[in-house]
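Below is one structure, written out as structure tokens; comments come after it.
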Amino acid sequence: MTAVRTRFAPSPTGALHLGGLRTALYNWLYARRHGGEFFLRIEDTDRQRSSEAHTQGLVEALRSFGLDLDGAPVLQSSRVERHQEVARELLKRGFAYRCYCSPDELAAMREEQRARGEDPRYDGRCRERRASRQGVDPVIRFRRPDIKEVVVRDWLHGEVRYQNSQLDDLVLLRANGSPTYHLSCVADDHDMGVRQVIRGDDHLNNTPRQLQLIQALGWEPPQYCHLPLLLAPDGKKLSKRDEATDALSYLRSGYLPEAVLNYLARLGWSRGDREIFSMSELIECFGREGLGASASRLNPDKLKWISQQHMKAAPAARLVEGLARQLERLGLDPEGGPPLAAVAEAWRERAETLADMAEAARWAYAAEIELDERAARKVLRPAAREPLVAVREALAELADWTAADIHACVETVAERCGVSFGKLGQPLRVAVTGGPVSPPIDATLFLAGRSATLRRLDRALAHIDKRIAAAATPAAG
RNA sequence: GUCCCCAUCGUCUAGUGGUUAGGACAUCGGCCUUUCACGCCGGCAACAGGGGUUCGAAUCCCCUUGGGGACGCCA
């Protein structure tokens with residue numbers, strides 16, 4: 001049995017984006033599924049574009065989604081000495097050489113190649129060079145081995161063959177001595193003991209080069225799995241500028257992390273007809289057999305549905321925690337209103353996200369509500385006055401403010417006034433919540449609390465009276 | 001341009017030579033109902049095109065088309 005050690009290796013040049021999160025998830029799931037280890041490596045060898053803030057952001061983002069790491073994150077930049085050592089080793093053993101070509105010279109070379117209709121690639125002009133060039137710091141180039149083809153074995157793509165002639169002598173160390181991607185990636189994976197490299201499809205073409213390097217170093221290559229890319233809903237490439245690609249934005253908008261992960265897992269992976277997975281079920285079920293090879297588009301509607309399914313199943317405590325955060329975002333104070341757990345229970349089946357939940361529960365926490373004009377016009381009409389007055393009285397005298405008692409009370413009043421439950425319930429709902437939509441009326445009044453209920457009923461009654469008065473006075477004009 | 005990858009309902013997908021091509025989201029009807037939602041029942045909807053192989057292809061092979069990726073002293 002092979003040991004399982006996976007890693008997620010993003011470069012800290014921006015926030016964690018959805019595609020990256022999915023790659024991280026698959027690596028994490030595979031490791032957890034097989035009792036292996038999952039590492040995070042920050043590929044920050046390009047100091048220009050990397051930032052400390054982004055590194056922190058990536059670490060925190062993974063934590064927010066519950067993808068726990070084995071060991072501390074590895075900063076690639078902290079390993080340059082090791083990379084240089086590997087490069088020197090290659091140099092010593094003749095697998096690499098110093099190249100004195102200037103960037104301008106290389107650009108000119110590529111241009112000529114293109115003009116001649118050839119593929120632009122380094123022609124190896126420094127391969128046999130002995131002498132150094134005055135005042136020029138050389139780069140170290142890998143000496144591509146002289147074999148006819150390289151075969152990449154991939155979980156998803158099977159055997160992918162590359163003609164050696166398509167590969168060229170890649171730069172291992174820059175003129176300033178810093179390592180480039182291929183070198184550091186290969187060296188780090190080896191040193192970290194990574195056995196499964198699960199990464200985006202955009203790396204498939206890099207793999208033959210890395211394989212050659214690994215071979216020259218006499219190391220054991222890892223298993224490869226190149227995942228298809230994620231596309232925007234319109235089928236276009238996911239743009240980094242798009243807000244919807246920032247993984248954390250989904251948490252901010254009130255999606256449960258496990259819902260986002262469930263959704264992402266199912267984009268490119270399946271297990272029969274099953275759609276909903278808890279995190280532990282995901283770990284239990286995840287496997288390479290279920291992986292698909294074609295790119296998939298993001299579908300916000302499906303995400304919402306999955307989110308709702310998770311809202312229905314989530315432990316109350318998780319909902320409460322998230323709801324508190326969302327209420328805070330809306331500037332509402334949970335202290336003044338009903339218990340969050342009660343609100344969460346009332347809405348877990350009718351909110352797609354925690355943000356929806358908070359927004360829908362606004363009336364339960366806001367000091368005052370605003371009457372929805374349409375709803376008020378429709379149900380707060382003169383005919384509703386009498387039943388509302390009656391129910392107000394009955395509610396004021398109710399011994400216990402419980403949902404069951406409220407229900408009985410409303411039912412009794414409706415009967416006494418000769419109207420259906422709904423005919424009384426809807427005006428009541430609009431009076432108390434301001435709008436036409438809320439949980440069942442008994443739960444709604446219970447959540448609003450007695451004093452707010454009575455106060456708002458009085459206001460609604462006043463509203464109706466104003467209407468009656470307006471109708472009595474001939475309209476001007 | 002060269003190389004590489006991919007291709008089943010609008011979307012996510014099941015399917016691995018013989019199925020009425022299944023499920024889910026969305027959508028459209030209906031039921032339930034105190035509003036909304038949940039839930040339940042039902043409808044619409046797909047094998048990109050063309051060649052092979054085979055008694056038989058969504059499944060295997062080739063070509064075309066379409067989409068994506070890679071061709072850096074970026075990662």
Who does [N] pair with, Watson-Crick or G-U, both distances under 3.5 Å?
{"N": "B:A58", "answer": "none"}
{"N": "B:A75", "answer": "none"}
{"N": "B:U2", "answer": "B:A70"}
{"N": "B:A37", "answer": "none"}
{"N": "B:A26", "answer": "none"}
{"N": "B:U19", "answer": "none"}

Using the [atom1] atom in both, what is the distance from [N] to [M], to the nearest Å?
{"N": "B:C38", "M": "B:C60", "atom1": "C1'", "answer": "46 Å"}
{"N": "B:G42", "M": "B:G23", "atom1": "C1'", "answer": "16 Å"}
{"N": "B:A26", "M": "B:C12", "atom1": "C1'", "answer": "11 Å"}
{"N": "B:A7", "M": "B:U59", "atom1": "C1'", "answer": "14 Å"}
{"N": "B:G69", "M": "B:G10", "atom1": "P", "answer": "23 Å"}
{"N": "B:U11", "M": "B:G52", "atom1": "P", "answer": "30 Å"}
{"N": "B:U8", "M": "B:A48", "atom1": "C1'", "answer": "10 Å"}
{"N": "B:A58", "M": "B:G15", "atom1": "C1'", "answer": "8 Å"}

Are [X] and [Y] side-chain neighbours, meaning at least one heavy-atom pair lies under 4.5 Å?
{"X": "A:Glu43", "Y": "A:Ser77", "result": "no"}
{"X": "A:Pro338", "Y": "A:Tyr365", "result": "yes"}
{"X": "A:Ile42", "Y": "A:Ser11", "result": "no"}
{"X": "A:Arg199", "Y": "A:Cys185", "result": "yes"}
{"X": "A:Phe8", "Y": "A:Leu16", "result": "yes"}
{"X": "A:Leu371", "Y": "A:Leu380", "result": "yes"}

- cation_pi(A:Arg141, A:Tyr122) dist<6.0 Å, angle<=45: yes
Ranking A:Leu231 and A:Arg114 by the position along RNA chain B of their nearest nucleotide, the one closer to 5' is A:Arg114
The side chain of [X] lies closest to which of these nucleotides: [options]?
{"X": "A:Lys312", "options": "B:G69, B:C38, B:U34", "result": "B:C38"}
{"X": "A:Tyr181", "options": "B:C5, B:A75, B:U34", "result": "B:A75"}
{"X": "A:Pro440", "options": "B:A37, B:U35, B:G1", "result": "B:U35"}
{"X": "A:His407", "options": "B:A70, B:U34, B:C73", "result": "B:U34"}
{"X": "A:Asn205", "options": "B:C4, B:A37, B:U34", "result": "B:C4"}

Taking any heavy-atom pair under 4.0 Å as a contact, classify [X]: base, sugar-phosphate, or nothing.
{"X": "A:Gly268", "result": "sugar-phosphate"}
{"X": "A:Ala175", "result": "base"}
{"X": "A:Leu204", "result": "sugar-phosphate"}
{"X": "A:Tyr162", "result": "sugar-phosphate"}
{"X": "A:Pro10", "result": "nothing"}
{"X": "A:Val139", "result": "base"}
{"X": "A:Gly425", "result": "nothing"}
{"X": "A:Gln163", "result": "nothing"}

Under 4.0 Å from OP1 or OP2 of [N]: is there any side-chain N or O of [X] that close?
{"X": "A:Gln309", "N": "B:G39", "result": "yes"}
{"X": "A:His157", "N": "B:C6", "result": "yes"}
{"X": "A:Arg110", "N": "B:C73", "result": "yes"}
{"X": "A:Ser296", "N": "B:U11", "result": "no"}
{"X": "A:Ser270", "N": "B:A14", "result": "yes"}
{"X": "A:Arg141", "N": "B:C73", "result": "yes"}
{"X": "A:Gln166", "N": "B:C4", "result": "no"}
{"X": "A:Lys237", "N": "B:G69", "result": "yes"}

Rounded to whole Å, please give me the gap between [atom1] in [X] and [atom2] in [N].
{"X": "A:Asp168", "N": "B:C71", "atom1": "CG", "atom2": "P", "result": "11 Å"}
{"X": "A:Leu238", "N": "B:G67", "atom1": "CG", "atom2": "P", "result": "18 Å"}
{"X": "A:Glu149", "N": "B:C4", "atom1": "CD", "atom2": "P", "result": "11 Å"}
{"X": "A:Glu289", "N": "B:U13", "atom1": "CD", "atom2": "P", "result": "16 Å"}
{"X": "A:Phe277", "N": "B:C12", "atom1": "CZ", "atom2": "P", "result": "17 Å"}
{"X": "A:His226", "N": "B:A70", "atom1": "NE2", "atom2": "P", "result": "12 Å"}
{"X": "A:Arg297", "N": "B:C12", "atom1": "CZ", "atom2": "P", "result": "6 Å"}
{"X": "A:Gln84", "N": "B:C73", "atom1": "CD", "atom2": "P", "result": "18 Å"}

Quiz question: by atom type and distance under 3.5 Å, do the side chains of A:Thr207 and A:His226 form a donor-acceptor pair? yes
Exercise: do A:Gln212 and A:Asn164 side chains pair donor with acceptor under 3.5 Å: yes
Exercise. Quick one: does A:Arg350 reach the base of B:C36 with a side-chain donor-acceptor pair under 3.5 Å?
Worked result: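 Under the 3.5 Å cut-off, the side chain and the base do form a donor-acceptor pair.
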### Check: B:A75 base within 3.5 Å donor-acceptor of A:Asn206 side chain
yes
For nucleotides 19-25 of chain B, 5' to 3', base contacts (B), sugar-phosphate-only contacts (S) and non-contacts (-) with protein non-hydrogen atoms under 4.0 Å give ---BBBS
Could you go through residues 412-425 of chain A and list every donor-acceptor pair under 3.5 Å that involves a side-chain atom there, pairing it with any protein atom two or more places apart or in another chain?
residue  : atom : partner  : partner atom : Å
A:Thr412 : OG1  : A:Ala408 : O            : 2.7
A:Ser420 : OG   : A:Lys423 : N            : 3.1

Which one of A:Trp155, A:Phe286, A:Tyr263 satisfies the ring pair (Phe, Tyr, Trp, His ring centres under 6.0 Å) criterion with A:Trp269?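 The single option meeting the ring pair (Phe, Tyr, Trp, His ring centres under 6.0 Å) with A:Trp269 is A:Phe286.
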Next item on the list: Please report the C-alpha distance between A:Asp169 and A:Tyr97 in whole Å, then the side-chain angles of each, then the deciding distance to 0.1 Å, and finally whether the side chain to side chain donor-acceptor pair (under 3.5 Å) criterion is met.
Entry: CA-CA 10 Å; A:Asp169 290 356; A:Tyr97 59 94; 2.6 Å; yes
